[in-house]
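Please read the structure below before turning to the comments.
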Amino acid sequence: MSDLELHQLRHRLHEAEQALEAAERRLSEAALQRRRLAQRLAEVQEAEQRRISAELHDRIGQDLAALGLNLGLIASPRLDRAAIDARVHDSRQLLERASAVLRNLIAELRPVALDEYGLFAGLRALGEDVERRTGLQIAVQGVEPAPRLPAEVETALFRIAQEALTNVAKHARASAVELSLRAVADGVRLRIADDGCGFDPAVRARGPRRHWGMEVMRDRAESVGARMLVDAAPGHGTRIEVEWEATA
């Protein structure tokens, strides 16, 4: 082997070592990103569980305790008919209120329409629920993808829309939201646009850890291979687009 050939071989070996080191760095960064994603999603899930627990305790728990008290009093021989009727009427109201809270919590956790009819049906149910609870005007447009999207994609896109509408209701000072699901190429595009106060993405990116809403949505999108775009500016509302395409 000549000196030139030896030099070329060493050069190729060096390039191969550099390529291997770069691949190892990318793998390490990807693993770190996955761990951070898992941590963020776990924290979001824990916060949601605490909220639901508090909702069950503060609203349903108290109503059920009052209902139990009423039933105990109704069984007492000391009450006259009018007092019993009043307790029965109050018990019915307590039961209706507890049932309504429970239905709302079930819908927030996993709407029946999403499982039975698909993503667009789930988004319509979500829009109607948020509109009823917040007074926002929510227009839901689009069609149900055919064939249906993979279950994990439906869930991720639904949770992104849910988080986006929650952010609008809490922070945007908006009056109306457009929520749409459209077919694009071999996939779909989810769009959530509001007419609220907007924000500066550069400032938000430097904000404290409690402003993780956008990061969580982006992580959910990336977890199913989707791309998320955020277009926002102070005084001009916010537009979020998530595009997912099927892989061959």
Side-chain angles (χ1 to χ4, degrees), residues 38-117 121-138 140 154-177 179 192 194 196-197 207-217 220:
Q39 180 183 1
R40 283 198 292 265
L41 292 181
E43 291 180 4
V44 170
Q45 290 170 350
E46 178 64 25
E48 185 65 8
Q49 289 173 354
R50 287 197 299 268
R51 184 189 70 81
I52 292 172
S53 176
E55 191 87 359
L56 289 170
H57 178 271
D58 295 343
R59 299 180 64 179
I60 295 181
Q62 292 179 6
D63 285 347
L64 292 179
L67 181 60
L69 178 62
N70 277 350
L71 292 175
L73 291 173
I74 289 172
S76 172
R78 293 175 295 177
L79 291 185
D80 58 21
R81 187 63 197 179
I84 291 175
D85 289 344
R87 290 292 177 178
V88 169
H89 177 71
D90 183 54
S91 296
R92 286 175 176 167
Q93 289 185 320
L94 289 169
L95 184 58
E96 290 174 0
R97 188 167 63 189
S99 297
V101 172
L102 187 58
R103 284 194 302 271
N104 287 338
L105 287 175
I106 291 173
E108 290 179 23
L109 289 173
R110 185 83 181 185
V112 175
L114 177 62
D115 287 327
E116 293 190 355
Y117 304 109
L123 293 175
R124 286 176 55 186
L126 173 64
E128 291 170 0
D129 177 62
V130 174
E131 187 174 68
R132 183 177 64 254
R133 289 188 291 104
T134 67
L136 283 167
Q137 296 179 5
I138 301 178
V140 183
E154 286 188 343
T155 299
L157 295 181
F158 177 83
R159 294 303 182 196
I160 290 170
Q162 190 176 45
E163 178 71 22
L165 291 180
T166 298
N167 288 345
V168 172
K170 287 184 176 180
H171 309 297
R173 300 198 296 273
S175 61
V177 184
L179 179 61
I192 309 107
D194 68 70
C197 60
R209 288 169 65 87
R210 64 175 176 270
H211 296 308
W212 271 4
M214 288 293 176
E215 285 189 52
V216 170
M217 286 189 283
R220 287 192 187 278

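- Ser175 is linked by a side-chain contact (heavy atoms from CB on, under 4.5 Å) to Asp195, counting only residues two or more places apart in sequence or in another chain.
- The line from CZ of Phe158 to CG of Leu123 is 7.0 Å long, rounded to the nearest 0.5 Å.
- The neighbour count for Arg92 CZ, taken as heavy atoms of other residues, nucleotides or ligands under 6.0 Å away, does not exceed 12.
- The CG atom of Leu165 sits 8.5 Å away from the OG1 atom of Thr134 when rounded to the nearest 0.5 Å.
- The distance from atom CG of Asp90 to atom CG of Leu95, rounded to the nearest 0.5 Å, is 11.0 Å.
- Here the CD1 atom belonging to Ile84 is positioned 16.0 Å from the NE2 atom belonging to His89, to the nearest 0.5 angstrom.
- Residues forming a side-chain hydrogen bond (donor to acceptor under 3.5 Å, both in side chains) with Arg97 (at least two apart in sequence, or on another chain): Asp63.
- Nearest heavy atom pair, residue Ile74 against residue Ser91, reads CD1-OG, 4.4 Å.
- Summarising the geometry of Gln137 relative to Glu131, their closest heavy-atom pair is CA-OE2, 3.5 Å, with the distance given to 0.1 Å.
- Note that CD of Gln62 and CG of Leu67 are 13.5 Å apart. Values are rounded to the nearest 0.5 Å.
- By the 4.5 Å heavy-atom criterion applied to side chains, Leu126 and Gln162 are counted as neighbours.
- Every residue two or more places apart in sequence or in another chain that forms a salt bridge (Lys or Arg N to Asp or Glu O under 4.0 Å) with Arg81 is listed here: Asp85.
- Checked against side-chain contact (heavy atoms from CB on, under 4.5 Å), Leu73 has the following partners two or more places apart in sequence or in another chain: Leu69, Leu79, Arg87.
- Between Ala113 and Ala125, the shortest heavy-atom contact is CB-CB, 4.3 Å.
- Ala164 meets the side-chain contact (heavy atoms from CB on, under 4.5 Å) test with Ile192, Met217, Ile240; sequence neighbours excluded.
- The side-chain contact (heavy atoms from CB on, under 4.5 Å) check on Arg173 picks up Cys197, with sequence neighbours excluded.
- The shortest non-hydrogen separation linking Ala66 to Leu94 is CB-CD1, 3.6 Å.
- A pairwise comparison of heavy atoms in Asp194 and Ala174 identifies CB-CB, 4.1 Å as the closest pair.
- Summarising the geometry, atom CD1 belonging to Ile138 is positioned 10.5 Å from atom CZ belonging to Arg132; distances are rounded to the nearest 0.5 Å.
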